[in-house]
Amino acid sequence: MSRGIVITRPEPGLGETLAAVEQAGWRAYASPALVVRPRSMVSGGAEGPGRRVAALLLTSGQAVAAVAQALPMGISLAVPVFAVGARTAERARAAGFTQVYSADGDAVALVMLLRQSLAPETGPLLLACGAGQGGALATALRADGFRVLRRIAYETRPVRSPPPDVAGALLAGSIEVVTFFSAQSARSWLAGLRGGALRAAALRTVALVLSPAIEQGVRALGWQGPIIVAARPDAHSMLAALEQVRR
């Protein structure tokens, strides 16, 4: 009997992760913790790009759609794009951006790449991020002398409960692993588990997380089972980390 794994990431990304883990021999269950909605960046006022920028910063592939819609409002396809990871960089290239650089890591790696690549005098940086996100990154860059225009490209809302097949599989003991690609996803997904038995069943599984910061958040939520952290904060490393789950 195939082993069960719950994928809590939203689209874009959910479908490709489901396919990858099923190809690796798992029984994949889709249970996105968040619903992502692009937010207009072309309406002017405080949310519009507002001026020409020296570079575009992307901490998530979720922001690409809203940024592409903002063309040519202070952004062009030739503007240098600095992405947090390879998948976000791929989405930026698919949207037509021609100068795309990947930090291949997390926000800290993105700051290091920007320090090596640009001088503050080059011009303002446009940080396109989710609602409530990007503050720490903007603060770090401003401390280095960069001008950062932080704009909201998308917003998220929690999913109220997991799909019935996921709840049933948890209660039946058919789920071995639950994946978390963000601390927000972990909080939202666990909050949607109604009933003590369902939550208890989830907390006994293996949590597969993208980074040490997410591991800390999951532990704080009371996780009782093992927690495996991907070697690098990307989907490929998450898949590779599944090999650590004993057969």
Task: Any donor-acceptor pair under 3.5 Å from Gln99 side chain to Val79 backbone - done: no

- [ ] Assess the side chains of Gln133 and Thr59: does a donor N or O sit below 3.5 Å from an acceptor N or O?
- [x] no

Open item on the list: Give me the atom names and distance for the closest heavy-atom approach of Pro80 to Tyr101.
Closed with: CB-CE1, 4.2 Å

Task: ILVMFWY cluster, Val21 and Val166 together (side-chain gap under 4.5 Å) - done: yes

- [ ] Working to the nearest 0.5 Å, report the span between OG1 of Thr179 and CD1 of Ile228.
- [x] 12.0 Å

Open item on the list: Walk me through whether Leu221 and Arg187 qualify under side-chain contact (heavy atoms from CB on, under 4.5 Å).
Closed with: CA-CA 7 Å; Leu221 292 168; Arg187 290 191 301 269; 4.1 Å; yes

Open item on the list: To the closest 0.5 Å, what do you measure between CG (Leu110) and CZ (Arg115)?
Closed with: 11.0 Å

Task: Donor-acceptor under 3.5 Å (Gln184 side chain, Ser188 main chain) - done: no

Task: Over all atoms of both residues, closest heavy-atom pair of Trp189 and Pro162 - done: NE1-CB, 4.4 Å

- [ ] Is it possible for you to say whether Val53 and Val81 belong to one hydrophobic cluster, with membership spreading through side-chain heavy-atom contacts below 4.5 Å?
- [x] yes

Open item on the list: Taking Leu210 as the starting point, is it possible to reach Trp223 by hopping between hydrophobic residues whose side chains are less than 4.5 Å apart?
Closed with: yes

Task: Single hit among Leu118, Val111, Thr122 for side chain to side chain contact (heavy atoms under 4.5 Å, CB included) with Phe146 - done: Leu118

Task: Closest non-hydrogen atom pair, Leu34 against Ser185 - done: CD1-OG, 3.6 Å

Task: Side-chain donor/acceptor of Thr139 to backbone N/O of Gly135, under 3.5 Å - done: yes

TODO: First locate atom OG1 of Thr205, then atom CD1 of Ile175, and finally report the distance between them rounded to the nearest 0.5 Å.
DONE: 8.0 Å

TODO: Decide yes or no for Leu127 and Leu125: does some side-chain heavy atom of the first lie under 4.5 Å from some side-chain heavy atom of the second?
DONE: no

Task: Value rounded to 0.5 Å, distance of CD1 in Ile214 from CD1 in Ile227 - done: 11.0 Å

- [ ] With rounding to the nearest 0.5 Å, note down the distance linking CE in Met238 to CZ in Arg232.
- [x] 14.5 Å

Task: Where Ser31 and Pro163 come nearest, the two heavy atoms and their spacing - done: OG-CD, 3.5 Å

TODO: Flag yes if Val245 and Leu203 sit in one hydrophobic cluster, no otherwise; membership is Ile, Leu, Val, Met, Phe, Trp, Tyr, and two members link when side-chain heavy atoms are under 4.5 Å apart.
DONE: yes

Open item on the list: If you apply the rule side-chain hydrogen bond (donor to acceptor under 3.5 Å, both in side chains), what do you find for Arg9 with Thr17, and how did you get there?
Closed with: CA-CA 9 Å; Arg9 73 185 308 194; Thr17 304; 2.8 Å; yes

Open item on the list: Around atom CZ of Arg142, are there more than 12 heavy atoms from other residues, nucleotides or ligands closer than 6.0 Å?
Closed with: yes

Open item on the list: Please say yes or no: joined through hydrophobic side-chain contacts below 4.5 Å, possibly via intermediate residues, are Ile7 and Val35 part of one cluster?
Closed with: no

Open item on the list: For Asp234 and Arg87: C-alpha separation, side-chain torsions, deciding distance, then whether side-chain contact (heavy atoms from CB on, under 4.5 Å) applies.
Closed with: CA-CA 8 Å; Asp234 56 53; Arg87 290 298 295 126; over 6 Å; no

Task: Closest heavy-atom pair and its distance - Ala128, Leu58 - done: CB-CD2, 4.1 Å

TODO: For Asp144 and Leu114, run side-chain contact (heavy atoms from CB on, under 4.5 Å): C-alpha distance rounded to whole Å, both residues' side-chain angles, the deciding distance at 0.1 Å, then the answer.
DONE: CA-CA 10 Å; Asp144 285 339; Leu114 286 162; over 6 Å; no

- [ ] Please round to the nearest 0.5 Å and tell me the distance separating atom CZ of Arg27 and atom CD1 of Ile5.
- [x] 12.0 Å

TODO: Can you see which heavy atom on Pro10 is nearest to which on Pro32, and at what distance?
DONE: CA-CB, 4.0 Å

